[in-house]
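Structure first, then comments.
Residue indices begin at 1 and follow the sequence shown. This is a predicted model, so every value here is computed, not measured.
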Amino acid sequence: MSRACLVAVAIACIAGCAGTTATRQEPVNPDPFERFNRVMYDINDLGDRYLARPVAQAYEAGTPTVFRIGANNFLENLRYPITIVNDFLQGKFAQGGRDLARFAINSTIGLFGLFDPASSAGLEIHDEDFGQTFAVWGLPQGPYLVIPVFGPYTVSSAIGDLAGTQASIIVQGPENTAARNALMIWYLVHRRYSLLPADEQLRQAFDPYIFLRDAYLQNRRYKIYDGHPPLEDLYPEDDDDAAD
C-alpha cells in the first residue's frame with residue numbers, strides 16, 4: 001500500500017511539472033546532475049566490477065545454454081503483465097489483446113513460460129513500460145539520473161519502474177519472502193548476464209559514462225516512439241539550417 005501511495009504521489013508530481021504544454025520532448029540539458037551522476041556511476045561500476053559481473057560470469061559458465069534460454073523465457077513471461085497493462089493505458093487495445101493472448105499461451109502451453117509457442121503462432125513480443133506510458137500521456141521524461149545499484153534512468157522511467165512493481169509477478173507473486181527474494185536475485189543475475197556482451201564495447205569507450213548515458217537516452221526515445229522517433233529528434237540542427 002505504501003509503494004502504491006508513493007507511486008501515486010510521484011505521478012502527480014510529474015504531471016504538475018508537465019503543466020498544460022507537456023510534450024514528449026526531452027529537456028534542453030538532459031543531464032543537469034552530471035556531477036552527482038558521475039559519482040554514482042563510479043560507485044556502481046565498482047560494485048559491478050567486483051560483484052555483479054563475476055556473479056553473472058559464473059552464472060554463464062555454470063549453467064547450460066538450454067537452461068539460460070528457458071530461464072530467459074520464464075522470467076520475461078513473468079514480467080509480461082507490465083507490458084499488457086501499459087498496452088491498454090497507451091490505448092493500444094489491439095496490441096494489448098494480442099499480448100494478453102501471448103501471455104496466456106506461454107503460461108499454459110509453454111509451461112509457465114519456459115517455452116515460447118506464442119512466437120511460433122505469430123504473436124510477437126512487445127516491451128511497454130510505465131515510463132513510455134507517461135510519455136504517451138504527454139509527461140516529460142525529466143533529467144537523466146544514475147541511481148545507486150540500479151544504474152541509468154530518467155526521472156520518468158525511474159518512477160515508471162516503481163509503478164511497474166505493482167504489476168510485476170516477480171515482485172508481487174510469491175507470498176513467501178524467501179521465495180520472492182530468491183526469484184528477484186535470479187532475475188537480477190540473469191539480467192546482468194544478458195548484458196555481458198556489451199561490456200567490452202563499454203570498456204573501449206573514450207568516456208564510458210557518456211557512452212552509457214547517450215545509449216540509454218537514445219534507447220528510451222526509441223521505445224517511446226515505438227521505433228520511429230521524429231527526424232527532428234535525430235537531426236535538430238537541420239531545422240535551424242532550414243530556418244536560416
Side-chain angles (χ1 to χ4, degrees), residues 3 31 33-80 82-83 106 111-116 125 127 129-131 143-155 157-162 164-165 167-174 176-220 222-223:
R3 285 199 300 268
D31 193 6
F33 309 124
E34 181 174 352
R35 182 175 298 180
F36 167 83
N37 286 338
R38 281 187 178 273
V39 172
M40 287 298 101
Y41 172 83
D42 289 339
I43 293 173
N44 286 347
D45 184 61
L46 190 65
D48 181 74
R49 188 178 308 169
Y50 292 105
L51 179 61
R53 187 185 302 159
V55 170
Q57 290 171 332
Y59 174 77
E60 180 181 34
T63 57
T65 301
V66 66
F67 172 84
R68 296 194 300 274
I69 292 175
N72 187 73
N73 292 338
F74 174 73
L75 294 170
E76 287 303 314
N77 191 62
L78 287 182
R79 293 188 68 255
Y80 215 61
I82 297 175
T83 288
N106 282 351
L111 300 180
F112 302 102
L114 288 175
F115 303 98
D116 185 16
I125 190 170
D127 182 13
D129 58 48
F130 283 93
Y144 178 74
L145 286 175
V146 178
I147 297 178
V149 179
F150 295 100
Y153 280 94
T154 61
V155 171
S157 65
I159 295 173
D161 263 20
L162 181 60
T165 63
S168 172
I169 298 177
I170 294 176
V171 176
Q172 303 293 345
N176 182 277
T177 301
R180 183 168 60 249
N181 291 342
L183 186 59
M184 178 61 72
I185 291 172
W186 181 24
Y187 169 73
L188 293 174
V189 170
H190 186 86
R191 183 179 179 182
R192 182 61 185 90
Y193 147 75
S194 69
L195 295 173
L196 286 176
D199 284 356
E200 185 61 29
Q201 190 175 10
L202 184 62
R203 282 196 295 268
Q204 291 179 356
F206 176 75
D207 187 336
Y209 169 81
I210 294 213
F211 178 86
L212 182 61
R213 181 195 67 190
D214 291 351
Y216 177 81
L217 293 177
Q218 289 173 19
N219 180 256
R220 288 305 301 172
Y222 180 88
K223 287 184 174 182

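- Considering all non-hydrogen atoms of both residues, Ile82 and Gly164 come closest at CD1-O, 3.6 Å.
- When all heavy atoms of Arg68 and His190 are compared, the pair lying nearest together is O-CE1, 3.4 Å.
- Considering CZ of Arg38 and CG of Asp207, their distance stands at 4.5 Å, rounded to 0.5 Å.
- Each of Ile169, Ile170, Asp129 was checked for a side chain to side chain contact (heavy atoms under 4.5 Å, CB included) with Arg79, and the lone residue meeting it is Ile170.
- You'll find the side chain of Ile125 stays beyond 4.5 Å of the side chain of Asp116, heavy atoms only.
- With sequence neighbours left out, the side chain to side chain donor-acceptor pair (under 3.5 Å) criterion links Ser157 to Thr154, Tyr216.
- Arg213 meets the salt bridge (Lys or Arg N to Asp or Glu O under 4.0 Å) test with Asp31; sequence neighbours excluded.
- Taking each heavy atom of Ala71 and Tyr59 in turn, the nearest pair found is CB-OH, 3.8 Å.
- From Asn77, atom CG reaches atom CZ of Phe112 across 10.5 Å, with rounding to the nearest 0.5 Å.
- To the nearest 0.5 Å, the span separating CG on Leu46 from CG on Leu51 amounts to 10.0 Å.
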Ile69 vs Val66, side-chain contact (heavy atoms from CB on, under 4.5 Å): CA-CA, chis, key distance, verdict: CA-CA 5 Å; Ile69 292 175; Val66 66; 5.7 Å; no

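- Taken from CZ in Phe67 to CZ in Phe74, the straight-line distance is 10.0 Å, to the nearest 0.5 Å.
- Between the CD atom of Glu76 and the CZ atom of Arg191 there is a distance of 9.5 Å, given to the nearest 0.5 Å.
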Residues Tyr41, Asn37; criterion side-chain contact (heavy atoms from CB on, under 4.5 Å); working and verdict: CA-CA 6 Å; Tyr41 172 83; Asn37 286 338; over 6 Å; no

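- When all heavy atoms of Ile147 and Asn44 are compared, the closest pair comes out as O-ND2, 3.1 Å.
- Residues satisfying the ring-ring contact (aromatic ring centres under 6.0 Å, His included) criterion with Tyr187, sequence neighbours excluded, are absent altogether.
- The side chain to side chain donor-acceptor pair (under 3.5 Å) check on Glu200 picks up Arg203, Gln204, with sequence neighbours excluded.
- Applying the salt bridge (Lys or Arg N to Asp or Glu O under 4.0 Å) criterion to Arg180, with sequence neighbours excluded, gives no partner residue.
- Under the 3.5 Å distance criterion, the side-chain polar atoms of Asn73 are matched with a main-chain donor or acceptor of Leu114.
- Once rounded to the nearest 0.5 Å, the distance linking CG of Asp161 with OH of Tyr153 reads 4.0 Å.
- Within the 4.5 Å cutoff, the side chain of Ile159 has no heavy atoms near those of the Phe130 side chain.
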Steps toward side-chain contact (heavy atoms from CB on, under 4.5 Å) verdict (Arg192, Asp48): CA-CA 9 Å; Arg192 182 61 185 90; Asp48 181 74; 2.6 Å; yes

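- You'll find the side chain of Val146 stays beyond 4.5 Å of the side chain of Phe33, heavy atoms only.
- With sequence neighbours left out, the salt bridge (Lys or Arg N to Asp or Glu O under 4.0 Å) criterion links Arg35 to no other residue.
- Taking a 6.0 Å sphere around CD of Gln57, one finds it holds more than 12 heavy atoms contributed by other residues, nucleotides or ligands.
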